[in-house]
Amino acid sequence: MYYRSRSSNIAARIFDRQICTPAPGTSVHHARRFYENLVPSYTIYEVECPDHSFRKFTEDGQYLISFSRNHQELIVYRPRWLSFSCNDEDCDQHDLPSKARRFDSFFTQLYCVPLASCNELICKDFFLYMESNQFGLFATSTAQIHDAPAVGGAVQGVPSIEKITFHLLRMEDGEILDKKVFSNDFVNLTHNMGVFLYDDLLAIVSLRYQTIHILQIRDSGNLVDVRAIGEFCREDDELFLNSNAQGMSLSDKNKQHQVPENNVENHMHQGQPNMGNSFLSGIKQRLLSFIFQGIWNEETDDTLRIQRLRNKFYFHFQDYVDLIIWKVQFLDRHHLLIKFGSVDGGVSRNADHHPAFVAVYNMATTEIVSFYQNSADELYMLFEQFGDHFHVTSRNSMYMNFVSSHSNNIHALEQLRSIKDKASNSSQFVKKMLASLPFSCQSQSPSPYFDQSLFRFDDKLISAADRHRQSTDHPIKFILRNPPHTLKFKIKPGPEAGSMDGRAKKISSFLFHPILPFALSIQQTLFLQPSVVNIHFRR
């Protein structure tokens with residue numbers, strides 16, 4: 001088959017676009033090929049910039065989010081393209097003037113808003129953006145209390161935070177529209193793990209009280225409670241149980257008049273219903289019912305049924321009861337993907353080594369739809385073939401629909417299968433791949449430079465995932481995926497000449513603009529020294 005090499009000349013490609021019509025449904029992919037020609041190939045090293053903690057660009061590229069070093073203030077910038085004057089004929093051959101090498105040549109500060117109170121800090125790893133309304137969700141919290149007593153139905157072993165506050169801001173002017181406070185609770189805010197945003201729906205997981213709080217973000221900027229899933233599943237469950245408890249209490253009082261007086265006190269202590277301990281939570285009962293029915297339906301013979309239930313259900317009954325909710329994501333407006341595991345795994349930084357399960361829960365019917373262990377081959381096949389169904393994005397988020405995954409990109413799929421073929425233990429490989437489920441919300445960059453159909457790069461050093469990486473003194477290469485397979489640009493974090501102290505452990509983060517050929521690389525050490533910020537752009 002004849003392959004026509006794509007021109008590196010912008011004018012030629014624009015002419016091709018005029019005379020060639022892309023196949024139906026591929027116009028955006030066709031347009032994104034222009035990024036093969038428009039790359040951030042010029043770097044300004046060690047830019048003069050404020051000593052802030054830079055978080056990310058919003059998905060539409062309108063804002064750069066940063067926090068003050070004392071984690072008290074939110075500072076928001078507007079990206080703008082560099083402009084400067086030059087009197088020579090060939091300006092591209094000259095170095096940039098000193099004024100153009102500063103941070104404020106590329107960004108305009110919009111506002112600085114104090115978010116945290118005196119005993120709270122901004123959670124610098126947490127930020128969610130609602131593109132349709134240009135709302136931003138931020139969080140502040142007090143310090144963790146690791147040995148907090150389990151009171152009021154709290155899970156033993158889960159830390160407590162005296163106050164967690166979610167702030168909903170209008171990004172245009174920084175006005176705080178609404179707040180949601182959780183007291184003496186624990187929500188995992190690291191990399192948005194405990195919170196998921198889908199369209200206007202927000203799911204917040206209380207690890208300490210095992211409750212999934214569903215909120216709606218109204219166009220007016222209000223955070224409205226929709227439902228709480230955990231102890232109760234339906235809106236009227238609590239009302240039904242409370243009315244039933246009152247009926248039981250009246251029945252007990254009637255019985256007390258029929259027994260000798262010296263037995264009343266003892267009978268009251270034994271017979272008084274304790275609603276806090278009488279029942280498993282609603283979500284746990286749904287889960288146990290689903291497991292029981294699944295095992296029951298495996299056999300038609302009653303004797304074999306009893307034997308299977310004894311071996312597969314009753315033998316593991318307490319293990320199922322002890323499971324707690326770790327993490328949640330929306331699959332759509334009615335279904336949640338819920339991860340269950342042990343208490344130790346729920347609060348551990350590395351939960352990959354703990355056994356875990358995932359379940360699909362229907363909020364409308366309050367039923368568990370499916371349930372898998374995180375080493376199940378059937379779940380892995382769904383993950384491999386339909387990965388984009390787990391990477392759900394809000395319907396208004398256009399840019400996030402083009403993030404490469406193994407279910408929409410042949411190169412990513414080949415890479416995944418290559419890792420699978422090299423794995424010495426198939427079960428461990430499956431468990432490792434499924435450890436990422438449920439996915440964290442807005443955890444990937446939509447930048448076209450991470451599109452694996454356009455560029456090839458070392459994903460051990462850089463990727464679309466929103467994570468810090470161990471820094472390297474060698475530049476990270478971005479090579480054209482298609483012929484002529486040339487090196488298009490490099491991204492090098494840290495000083496141009498490399499670090500003078502080779503012993504200091506350095507980590508890097510990369511903030512790519514979702515649209516422009518523009519990126520920040522930020523290198524920092526673990527000793528709270530000022531970060532080294534480089535700006536990469538197309539000159």
Side-chain angles (χ1 to χ4, degrees), residues 6-17 31-50 54 56-57 60-64 66 77-109 399 445-451 454-457 461-462 464 472-482 484-498 508-523 531-539:
R6 297 168 188 166
S7 173
S8 60
N9 184 284
I10 293 288
R13 297 198 70 159
I14 292 175
F15 179 72
D16 284 344
R17 184 175 64 178
R32 281 167 69 90
R33 293 175 184 171
F34 274 85
Y35 284 105
E36 294 177 334
N37 303 81
L38 304 169
V39 298
S41 54
Y42 188 86
T43 299
I44 302 176
Y45 291 93
E46 300 183 71
V47 175
E48 299 176 30
C49 69
F54 296 101
K56 67 184 298 184
F57 289 102
D60 55 7
Q62 293 292 316
Y63 308 98
L64 172 66
S66 68
Y77 294 91
R78 173 87 71 192
R80 61 189 179 95
W81 202 249
L82 175 68
S83 63
F84 63 94
S85 60
C86 178
N87 297 324
D88 296 332
E89 292 183 0
D90 193 359
C91 294
D92 290 341
Q93 302 302 319
H94 294 276
D95 288 335
L96 294 176
S98 57
K99 288 185 178 181
R101 304 177 69 87
R102 296 191 315 214
F103 183 83
D104 56 11
S105 296
F106 294 86
F107 297 94
T108 301
Q109 180 175 321
Y399 305 106
S445 167
S447 169
Y449 302 106
F450 294 122
D451 188 335
L454 301 178
F455 296 97
R456 183 163 48 90
F457 46 86
L461 302 177
I462 193 170
T472 173
D473 287 332
H474 304 289
I476 301 169
K477 300 177 181 179
F478 285 74
I479 299 169
L480 279 182
R481 176 70 69 177
N482 299 299
H485 305 297
T486 54
L487 172 66
K488 291 302 294 184
F489 68 99
K490 303 176 183 178
I491 295 289
K492 183 183 182 303
E496 184 174 10
S508 295
S509 56
F510 304 92
L511 310 183
F512 276 71
H513 194 278
I515 307 165
L516 302 174
F518 183 71
L520 299 178
S521 63
I522 304 160
Q523 186 187 80
S531 302
V532 177
V533 178
N534 298 340
I535 293 181
H536 314 269
F537 66 104
R538 182 177 188 268
R539 184 174 172 182

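Worth knowing before you read on, the calculation uses all heavy atoms, side chains too, and leaves out hydrogens, waters and symmetry mates.
The two residues Ile462 and Phe512 have their closest heavy-atom pair at CD1-CE1, 3.8 Å. Among all heavy-atom pairs drawn from Leu64 and Pro79, the shortest one is N-CD, 4.3 Å. Contact detail for Thr108 and Arg80: the closest heavy-atom pair is OG1-NE, 2.8 Å. When all heavy atoms of Val532 and Pro495 are compared, the closest pair comes out as CG1-N, 3.9 Å. For Pro493 against Ser521, the heavy-atom pair with the smallest separation is CA-OG, 3.7 Å. The heavy-atom pair separating Arg32 from Leu454 by the smallest distance is O-CD1, 3.4 Å.
Within the 4.5 Å cutoff, the side chain of Tyr35 has heavy atoms near those of the Ile515 side chain. A 4.5 Å side-chain heavy-atom check between Leu461 and Ile491 finds every atom pair outside the cut-off.
Aromatic pair Phe537/Tyr42: ring centres closer than 6.0 Å. The ring of Phe510 has its center no closer than 6.0 angstrom to the ring center of Tyr449.
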- Going through the checks in order, is the side chain to side chain contact (heavy atoms under 4.5 Å, CB included) test met by Arg78 and Tyr63? CA-CA 5 Å; Arg78 173 87 71 192; Tyr63 308 98; 3.7 Å; yes
**OP:** Take Phe34 and Arg17, measure what side chain to side chain contact (heavy atoms under 4.5 Å, CB included) needs, and give me the verdict at the end.
**Re:** CA-CA 10 Å; Phe34 274 85; Arg17 184 175 64 178; 4.0 Å; yes
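The aromatic rings of Tyr77 and Phe107 sit perpendicular to each other, their planes meeting at more than 60°, with 30° as the lower class boundary. Aromatic ring orientation, Phe478 versus Phe455: perpendicular (interplanar angle above 60°, classes split at 30° and 60°).
For the salt bridge (Lys or Arg N to Asp or Glu O under 4.0 Å) with Glu36, the lone residue among Arg13, Lys488, Arg481 that qualifies is Arg13.
If you take NE2 on His513 and CD on Gln62, they are separated by 7.5 Å, rounding to the nearest 0.5 Å. Atom CD1 in Ile535 sits 7.5 Å away from atom SG in Cys49 (nearest 0.5 Å). For the atom pair CG of Leu516 and CZ of Phe106, the computed distance is 11.5 Å after rounding to the nearest 0.5 Å. Taking CG of Leu82 as the reference point, atom CZ of Arg538 lies at 13.5 Å (rounded to 0.5 Å). Atom CZ of Phe15 is separated from atom CD1 of Ile10 by 15.5 Å, given to the nearest 0.5 angstrom. Rounded to the nearest 0.5 Å, atoms NE2 (His536) and CG (Leu511) are 10.0 Å apart.
In this structure, Asn534 contributes its side chain and Lys492 its backbone to a donor-acceptor pair below 3.5 Å. At distances below 3.5 Å, not a single donor-acceptor pair connects side-chain atoms of Arg101 with backbone N or O atoms of Tyr45.
Environment of CD in Glu48: sparse, with no more than 12 heavy atoms of neighbouring residues, nucleotides or ligands closer than 6.0 Å.
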